[in-house]
Asks: 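Dumping the structure here so I can ask a few things about it.
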Amino acid sequence: MVEEEGFRRYVAHVILWIGIAIVAFPVYIAIVASTQDNALIANGQMSLLPGGHFFEVYYQTIFVGTSGSTREPVANMMLNSLIMAILIAVGKIAISIISAYGIVYFRFPFRMPIFWIIFITLMLPVEVRIYPTYKIVADLHMLDSYAGLSLPLIASATATLLFRQFFMTVPDELLEASRIDGAGPLRFFWDTLLPLSRTNMAALFVILFILGWNQYLWPLLITTRDDMQTIQVGIRKMITTSDALTEWPVVMATAVLAMLPPVFVVVVMQKLFVRGLVETEK
């Protein structure tokens, strides 16, 4: 029995390492390609070992940009993506937690129909309502702006549902104790519910930040200036379809740099993220 358990553990570890290799190998190729000469990559002669153009390629990528499709440095693209992702994540959490608080703790007419209307919007993603959303943003003169990049993506039925379910598990005794202490609705929300929701907000922030960082279609539509484009749009523009030769080292370096902020957020908030997903005790 002990030998069988050891064999199963060995097989499980082998499968795990194979999965890690499958996921990590494309990342390794991107890192290696970002240090190679462009002619070698274009001719299909790229080595699997790092080249000698690391500092040259990454300096050009971060501070100069490509010489063809987009001349904007990647540092500016990453700043645009970072601002958009933070605004989307923080905005979604703020609006969702306030909406859930109102639905759970206040009694008003059509409370549940309003909640279900919010829930039904899950079937209306940005791609479905793309034209009216674009028309409204254009009429409000928010094209090529951070408000235009983030505001249409802030509303979140999913986050509202999650906070609602969490608030429904909070013991009623906490509300009664706050009332006895003379706390009003705002104080109860600020002093009691927000501290309890810390791990949930952290878990949602990680998910929503990555969601905002990876946005492609909406920034592609509403940004016409190179200095406002996000890194996802920038990568696509770097890969040219004309006779001009794509600068593959710069493209791969940009892809590697684009992975860093989401990885950083996941690593820094890993403990809170896991606790927010599994914690049930209040």
Side-chain angles (χ1 to χ4, degrees), residues 84-137 139-140 142 147-215 217-218 269 272-282:
M84 181 183 71
I86 292 176
L87 288 176
I88 290 174
V90 174
K92 279 179 178 287
I93 291 173
I95 292 178
S96 298
I97 197 171
I98 294 172
S99 302
Y101 176 63
I103 291 172
V104 173
Y105 288 99
F106 290 87
R107 300 293 182 265
F108 53 88
F110 306 109
R111 180 170 61 98
M112 290 310 298
I114 290 175
F115 168 73
W116 286 111
I117 290 173
I118 295 175
F119 188 74
I120 289 173
T121 59
L122 285 172
M123 296 183 288
L124 297 173
V126 176
E127 291 78 9
V128 174
R129 48 186 172 85
I130 197 75
Y131 176 74
T133 305
Y134 178 84
K135 183 69 167 58
I136 292 173
V137 171
D139 290 343
L140 293 176
M142 291 195 300
L149 283 170
S150 57
L151 283 179
L153 305 176
I154 279 182
S156 175
T158 304
T160 303
L161 174 65
L162 293 176
F163 279 121
R164 173 185 178 269
Q165 297 304 113
F166 173 76
F167 289 160
M168 291 179 68
T169 64
V170 175
D172 293 335
E173 289 78 6
L174 290 178
L175 177 60
E176 296 299 328
S178 297
R179 287 175 175 172
I180 293 173
D181 290 340
L186 289 179
R187 184 178 172 187
F188 171 69
F189 174 75
W190 186 263
D191 292 343
T192 305
L193 288 183
L194 276 185
L196 290 175
S197 305
R198 186 169 62 98
T199 54
N200 299 74
M201 288 190 292
L204 275 173
F205 180 85
V206 173
I207 297 172
L208 297 176
F209 179 88
I210 296 175
L211 174 69
W213 180 268
N214 289 331
Q215 286 296 319
L217 179 59
W218 181 247
M269 305 187 68
L272 288 174
F273 176 72
V274 174
R275 286 175 57 191
L277 294 179
V278 303
E279 191 176 74
T280 56
E281 296 183 0
K282 308 298 178 288

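Heavy atoms only: backbone and side chains are in, while hydrogens, waters and symmetry mates are out. Numbers here are sequence positions counted from 1.
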Asks: Looking only at heavy atoms, what is the nearest atom pair of P152 and R129, with distance?
Replies: O-NH1, 3.7 Å
Asks: If you measure from CD1 on I95 to OG1 on T160, what distance do you get to the nearest 0.5 Å?
Replies: 8.5 Å
Asks: How many angstroms lie between atom CG of L204 and atom CG of L211, to the nearest 0.5 angstrom?
Replies: 11.0 Å
Asks: Say you draw a straight line from CD1 of I154 to OG of S96; how long is it, rounded to the nearest 0.5 Å?
Replies: 10.0 Å
Asks: If we only count heavy atoms from C-beta on, is the L174 to L196 side-chain gap below 4.5 Å?
Replies: yes
Asks: Closer than 3.5 angstrom, by distance alone: can the side chain of K92 be matched with the main-chain N or O of F209 as a donor-acceptor pair?
Replies: no
Asks: I'd like to check I97 versus F167 (side-chain heavy atoms, cut-off strictly below 4.5 Å). Are they in contact?
Replies: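 Sidechains of F167 and I97: in contact.
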Asks: Please report the shortest heavy-atom distance between W218 and I130, naming the atom on each side.
Replies: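 Reported closest heavy-atom pair: CE3-CD1, 3.6 Å.
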Asks: In Å, rounded to the nearest 0.5 Å, how long is the span from NZ of K135 to CG of L140?
Replies: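 Output value for this atom pair is 10.0 Å.
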Asks: State, to 0.1 Å, how close T121 and A157 come at their nearest heavy-atom pair, and which atoms those are.
Replies: OG1-CB, 3.5 Å
Asks: How about Y131: does its OH atom have over 12 heavy atoms from other parts shown lying under 6.0 Å from it?
Replies: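 No, not enclosed.
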Asks: Once rounded to the nearest 0.5 Å, what's the spacing between atom CZ of F163 and atom OG of S197?
Replies: 6.0 Å
Asks: Does the side chain of V137 come within less than 4.5 Å of L151's, by heavy atoms?
Replies: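 With C-beta onward as the side chain, the pair stays apart.
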Asks: Do the two ring centres, one from F188 and one from Y105, sit under 6.0 Å apart?
Replies: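 Yes, they do, as the ring centres are separated by less than 6.0 Å.
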Asks: D181: which residues meet the salt bridge (charged side-chain N to carboxylate O under 4.0 Å, His left out) condition with it, sequence neighbours left out?
Replies: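 D181: no salt bridge (charged side-chain N to carboxylate O under 4.0 Å, His left out) contacts found.
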Asks: Are side-chain heavy atoms of I103 and I118 found at a separation under 4.5 Å?
Replies: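 The answer is yes; the side chains approach within 4.5 Å.
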Asks: Once you measure the plane-to-plane angle for F106 and Y101, does it fall in the parallel (<30°), tilted (30-60°) or perpendicular (>60°) bin?
Replies: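 Plane angle over 60°, so perpendicular.
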Asks: Can you confirm whether I136 sits close enough to D139 that some side-chain heavy atom of one is under 4.5 Å from a side-chain heavy atom of the other?
Replies: no
Asks: For D172, check side-chain hydrogen bond (donor to acceptor under 3.5 Å, both in side chains) against everything at least two apart and list the hits.
Replies: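 D172 satisfies side-chain hydrogen bond (donor to acceptor under 3.5 Å, both in side chains) with no other residue.
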Asks: Can you tell me how far apart CZ (R164) and CG (L162) are? Round to the nearest 0.5 Å.
Replies: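 It is 11.5 Å, given to the nearest 0.5 Å.
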